[in-house]
Amino acid sequence: MLRPAGAPSSSAHPSPARPPTVALANFDVERHWSIGGPALPAPGTDMATSVVAGANELALLLGHTADWAVVKSQPDPGLIHGLERAGLTLPSVLSTDGNVPTNSVTEDALASPVLLDHLREIATSGARLAPHGFSRVEAELCELTGLTPPMSGPGIATAVNSKVFSRRLCRAEGIAQPPGWECDTIADLMAIADAIRSRITAGATVAVKDAYGVSGKGIMLVDRIDQFNRLVRMLARQADRGGEGRLPLVVEEWQDKRTDLNYHFTIGADGAMRFDFVLEAVTEGRTHRGHRLPARIDGCHRRRLRECADQIGRVLATHGYCGPVGIDAIVCADGTLFPVIEINARNNMSTYLAPIRERIADAGSVGLALQVDLRLPAVVSFEEVSHALRGLDLTQSWRHGFLVTCFASVNAAAALADRTGHFRGRLHGVAVAGTTIELEHLETEVRTCLRELETSRD
């Protein structure tokens, strides 16, 4: 545990107006939601899995002094100092007993007897688990510790997070979405295959999406009939091997988009909905790379997103869902808004920017949340990162500079280095400036400085 020092006790925190929360950034929760079903190819490596799991440290950005964050390893003191110097209020920190790089933070927590005992004591205050997403492993953590679960069972979030569920909800609610289809079985896919071929023949590109794909994984773009036919044959074999013919998929016409948006709302235990924010996402290919703060979005589109949040929130509450909801939307090149591309029954990466977004807005600045991918020859220290970024520290006025928000993901895959001794790492942070032009220059400077880490020991 990092703050306060020593083992937690009933007097470790003052009694808050609400029960404390235990934040858990269990990224890649979709792996557990999709277990047992056929899926599209989603290439990945243990190294990539470890880097994503290492971002669990972002949980430090959620909660207040009366709350807790569980992480896979103790954060570097330099990270804590930087966040506090920037004026962010942090929760107290508990770390797992061990850190298996490819495990989610929840999986490591379940294998941590000392941590479980601490969580049992915290649970006596009525503490509530606040995970990135709620699956069977988070439900097990609640059962073992007595922490209050975010909802009655993990099956609710599993159902809501499906892209198939999302399309059907939008159709029922009259919410515009890209032309497309959804299916539950291979028989459903066969029934719509000719219609899909007709659109491809007419020149459309279609996106075939796994119901639980995330961040560019589990999606294939198809623009040729022979390509589509091969995919159908592969999926049919998968579905047959499963014995039930299950095949939860979405097929949509690919859009010429101008802007990616994320908006976020929270459904309380009483079913009340709170709209939180809308941010502009930065993507590279089909992979999330960060956010612009504030979002560049016109008033009409912003109002429509709030209307959709109200509609969707009411429906999800009737399904028993409560907690964070992150929705992906796009604005097309011609200005058309599709307010729902998919519903995420979990936090978005934008969720972890909430306290930062507020400070940027208060300062009248603009910001860019960054994920900087690195190929490293050796483990690097926080001090080395700070040295590489010398002179670029975020000012306390929030008018200029760069703030590191997650360091653990830099070295998370170090034990999985390739034959040359190199491994992939990722630094999360936020660049802040007074104007958009200044921000662009700062981003370039930050990326250039961090490249020194890739060559400093070669």
Side-chain angles (χ1 to χ4, degrees), residues 2-3 23 25 27 50-63 69 71-91 93 95 105 282 288-293 349-360 363 365-376 378-414 423-433 439 441-454 456:
L2 185 65
R3 295 182 319 116
F27 295 113
S50 299
V51 171
V52 171
N56 75 99
E57 201 172 60
L58 286 168
L60 295 174
L61 300 178
L62 303 180
V71 294
K72 286 166 64 73
S73 58
Q74 285 291 343
D76 190 282
L79 173 72
I80 299 296
H81 174 73
L83 295 175
E84 292 184 329
R85 181 179 177 276
L88 299 178
T89 302
L90 306 183
V93 179
S95 59
V105 62
V282 178
H288 172 83
R289 292 300 185 197
H291 288 91
R292 291 189 178 89
L293 302 91
M349 292 300 290
S350 57
T351 311
Y352 300 92
L353 298 174
I356 289 169
R357 176 182 56 84
E358 294 169 2
R359 282 161 177 78
I360 288 174
S365 303
V366 291
L368 182 64
L370 299 176
Q371 297 177 12
V372 183
D373 287 332
L374 302 164
R375 184 172 183 267
L376 298 169
V379 170
V380 298
S381 67
F382 190 88
E383 288 72 21
E384 287 174 291
V385 170
S386 297
H387 180 73
L389 293 169
R390 55 194 176 277
L392 298 181
D393 288 345
L394 178 65
T395 60
Q396 290 182 295
S397 65
W398 283 81
R399 290 295 292 170
H400 189 271
F402 183 75
L403 175 68
V404 177
T405 55
C406 175
F407 175 69
S409 50
V410 171
N411 296 312
F423 61 91
R424 296 287 179 182
R426 179 175 295 159
L427 183 74
H428 294 257
V430 178
V432 179
L439 185 62
H441 289 316
L442 177 59
E443 179 193 1
T444 299
E445 194 171 0
V446 167
R447 292 186 181 278
T448 300
C449 290
L450 290 174
R451 293 294 173 229
E452 294 180 14
L453 300 172
E454 297 183 316
S456 59

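Values in this document were obtained by computation on a predicted structure and should not be read as measured data.
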CE on Met349 to CD on Gln371, rounded to 0.5 Å: 4.5 Å
Any donor-acceptor N/O pair, Ser409 side chain to Leu427 backbone, under 3.5 Å: no
Arg357 side-chain N/O to Leu293 backbone N/O, donor-acceptor pair under 3.5 Å: no
CG-CZ distance between Asp373 and Arg424, expressed to the nearest 0.5 angstrom: 7.5 Å
Closest approach of Cys449 to Leu392 (non-hydrogen atoms, all atoms of both residues): SG-CD1, 4.1 Å
Main-chain N/O of Thr89 paired with Glu84 side-chain donor or acceptor, under 3.5 Å: no
Euclidean distance, Leu403 CG relative to Leu389 CG, rounded to 0.5 Å: 11.0 Å
Tyr352 and Thr405: CA distance, side-chain angles, deciding distance, side-chain contact (heavy atoms from CB on, under 4.5 Å) verdict: CA-CA 9 Å; Tyr352 300 92; Thr405 55; over 6 Å; no
Candidates Val372, Val410, Val385 - the one meeting side-chain contact (heavy atoms from CB on, under 4.5 Å) with Leu453: Val385
Shortest non-hydrogen separation from Cys406 to Leu58 and the atoms involved: CB-CD2, 3.7 Å
Audit row: Val432, His400, side-chain contact (heavy atoms from CB on, under 4.5 Å) steps and yes/no: CA-CA 5 Å; Val432 179; His400 189 271; over 6 Å; no
Under 3.5 Å donor-acceptor, Arg359 side chain and Pro355 backbone: yes
For the student: nearest non-hydrogen atoms of Ala69 and Ala59, plus distance: CB-O, 4.0 Å
For Arg447 against Leu370, the heavy-atom pair lying closest together: NH2-CD2, 3.6 Å
Min side-chain heavy-atom separation Thr351-Leu61 under 4.5 Å: no
Gap separating the CG atom of Leu450 from the CD atom of Glu384, nearest 0.5 angstrom: 12.0 Å
Minimal non-hydrogen separation, Gly425 against Val51, with atom names: CA-CG2, 4.3 Å
Asn411 side chain to Val380 backbone, donor-acceptor under 3.5 Å: yes
Separation of Leu83 CG from Glu57 CD (nearest 0.5 Å): 8.5 Å
Sidechain-backbone polar pair: Arg85 side chain, Leu394 backbone, donor-acceptor under 3.5 Å: yes
Any donor-acceptor N/O pair, Gln396 side chain to Ala86 backbone, under 3.5 Å: no
Any donor-acceptor N/O pair, Trp398 side chain to Gly87 backbone, under 3.5 Å: no
Arg292/Val282 under side-chain contact (heavy atoms from CB on, under 4.5 Å): CA gap, chis, key distance, verdict: CA-CA 7 Å; Arg292 291 189 178 89; Val282 178; 3.7 Å; yes
side-chain contact (heavy atoms from CB on, under 4.5 Å) between Phe402 and Val430, intermediate numbers included: CA-CA 6 Å; Phe402 183 75; Val430 178; 5.8 Å; no
For Leu368 against Glu443, the heavy-atom pair lying closest together: CD2-OE1, 3.3 Å
CG-CZ distance between Leu376 and Phe423, expressed to the nearest 0.5 angstrom: 4.5 Å
N/O donor-acceptor pair under 3.5 Å between Ser95 side chain and Lys72 backbone: no
